[in-house]
Amino acid sequence: MTPPRKNKTSRLKSVCGALATVLVLSGCQAFGPTPTPRGSLLEPEEYSQLEPGTSTRADAIDLMGSPTTKGAFDDNIWIYISMTTHLVPMDFPGVMKQDLVVLKFNSAGTLESMRTLNIKDAKHVAMINEITPTPGTKINALQQILGNVGRYNPMQNMMGSGAAGGQGGMFNNSSGPGHFGSGNSL
């Protein structure tokens with residue numbers, strides 16, 4: 001009669017294994033990257049209503065809201081940025097989706113051109129691990145030795161520090177008005 005007992009044990013092991021597999025796979029979904037929307041919500045139905053030559057800045061604000069940013073050297077260039085990111089452990093957020101709409105207006109406020117860009121149009125820039133030298137930041141040994149010359153003030157301990165309470169020097173009067181007790185009194 002031992003074979004039925006092995007059969008129950010093997011069934012229990014297979015059910016527990018299947019349950020563990022389902023829990024592990026569902027846990028992977030729960031701990032997966034959570035998409036985070038950033039910037040403007042760009043809908044093609046909205047910006048496709050803008051027509052160069054006829055649409056104005058007011059039309060763009062009515063349809064799409066305020067721009068995410070404007071051109072660095074030209075306030076007539078409006079840029080709408082939409083991005084979906086996800087957290088990457090110990091790194092910068094990963095970009096899942098990115099869309100841009102660039103509107104260029106003339107001086108009268110009429111739309112001249114409209115460009116749409118996405119993540120495929122992005123130019124990836126590598127960071128360089130070098131330091132830009134700044135004149136005057138390197139000091140030599142003589143400058144280090146003579147750096148404190150002129151900073152010593154023998155009267156410093158006698159005058160007090162001017163902070164609340166002072167150091168109790170001979171000119172520190174804690175009964176004066178205001179100034180944390182370092183005021184003059186008669």
Side-chain angles (χ1 to χ4, degrees), residues 18-140 143-144 147 150-151 161-165 177-183:
L19 184 60
T21 304
V22 167
L23 288 175
V24 166
L25 291 177
S26 67
C28 291
Q29 179 64 23
F31 295 112
T34 304
T36 306
R38 299 183 181 276
S40 301
L41 179 62
L42 298 177
E43 297 292 335
E45 299 84 30
E46 293 173 353
Y47 62 80
S48 63
Q49 295 178 22
L50 296 173
E51 296 179 16
T54 59
S55 298
T56 63
R57 290 181 186 153
D59 296 334
I61 289 177
D62 287 342
L63 289 172
M64 299 172 49
S66 297
T68 308
T69 187
K70 292 184 180 180
F73 302 108
D74 188 2
D75 283 340
N76 291 324
I77 296 177
W78 288 9
I79 303 169
Y80 292 86
I81 304 170
S82 173
M83 184 183 303
T84 303
T85 62
H86 63 89
L87 292 178
V88 177
M90 298 175 62
D91 200 2
F92 291 108
V95 178
M96 299 170 78
K97 181 182 174 188
Q98 183 176 12
D99 296 312
L100 273 85
V101 175
V102 181
L103 304 177
K104 184 176 182 182
F105 296 95
N106 61 18
S107 58
T110 305
L111 181 65
E112 284 184 359
S113 65
M114 176 174 56
R115 266 177 65 190
T116 57
L117 304 167
N118 59 27
I119 199 164
K120 294 176 186 173
D121 300 316
K123 306 266 188 219
H124 297 283
V125 179
M127 298 298 286
I128 298 175
N129 290 331
E130 294 184 17
I131 299 171
T132 304
T134 306
T137 58
K138 291 185 180 182
I139 57 174
N140 59 27
Q143 288 172 328
Q144 288 179 356
R151 290 189 184 176
S161 65
H179 306 293
F180 297 102
S182 60

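Since the model is a prediction, treat every value here as computed from it, not as a measurement.
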Look at atom CD1 of Ile119 and say whether more than 12 heavy atoms of other residues, nucleotides or ligands are closer to it than 6.0 Å. yes
Glu51 and Asp59: side chain to side chain contact (heavy atoms under 4.5 Å, CB included), yes or no, with the steps? CA-CA 10 Å; Glu51 296 179 16; Asp59 296 334; over 6 Å; no
Given side chains that start at C-beta, do those of Leu50 and Leu63 come closer than 4.5 Å, heavy atoms only? yes
Determine the minimum heavy-atom distance between Ser113 and Leu111, stating which atoms define it. O-CD1, 3.3 Å
Can you name the closest pair of heavy atoms from Glu112 and Asn106 and give their distance? OE2-CB, 2.9 Å
Quick one: closest heavy-atom pair of Thr85 and Pro93, and the distance? CB-CB, 4.2 Å
Side-chain touch Thr110/Arg57, heavy atoms, less than 4.5 angstrom: no
Please list all pairs meeting ring pair (Phe, Tyr, Trp, His ring centres under 6.0 Å) that have one or both residues in residues 41-96, counting only residues at least two apart or in different chains. Trp78-Phe105
Heavy-atom pair of closest approach, residues Leu103 and Met114: CD2-CG, 3.5 Å
Which pairs with one or both residues in residues 93-110 pass salt bridge (charged side-chain N to carboxylate O under 4.0 Å, His left out), sequence neighbours excluded? Lys97-Asp99
With heavy-atom distances below 4.5 Å as the criterion, would you say the side chains of Pro35 and Met96 are in contact? yes
On a heavy-atom basis, the closest approach of Ile81 and Leu42 is C-CD1, 4.4 Å
Considering only heavy atoms from C-beta outward, does the side chain of Leu100 approach that of Gln98 to under 4.5 Å? yes
Val88 backbone acceptor or donor facing Asp91 side chain under 3.5 Å: no
So, Arg38 versus Thr84: side-chain donor-acceptor pair below 3.5 Å or not? no
Side chains of Met64 and Val101 in contact at under 4.5 Å (non-hydrogen atoms): yes
Under 3.5 Å, is there a donor-acceptor pair between the Ser40 and Thr68 side chains? yes
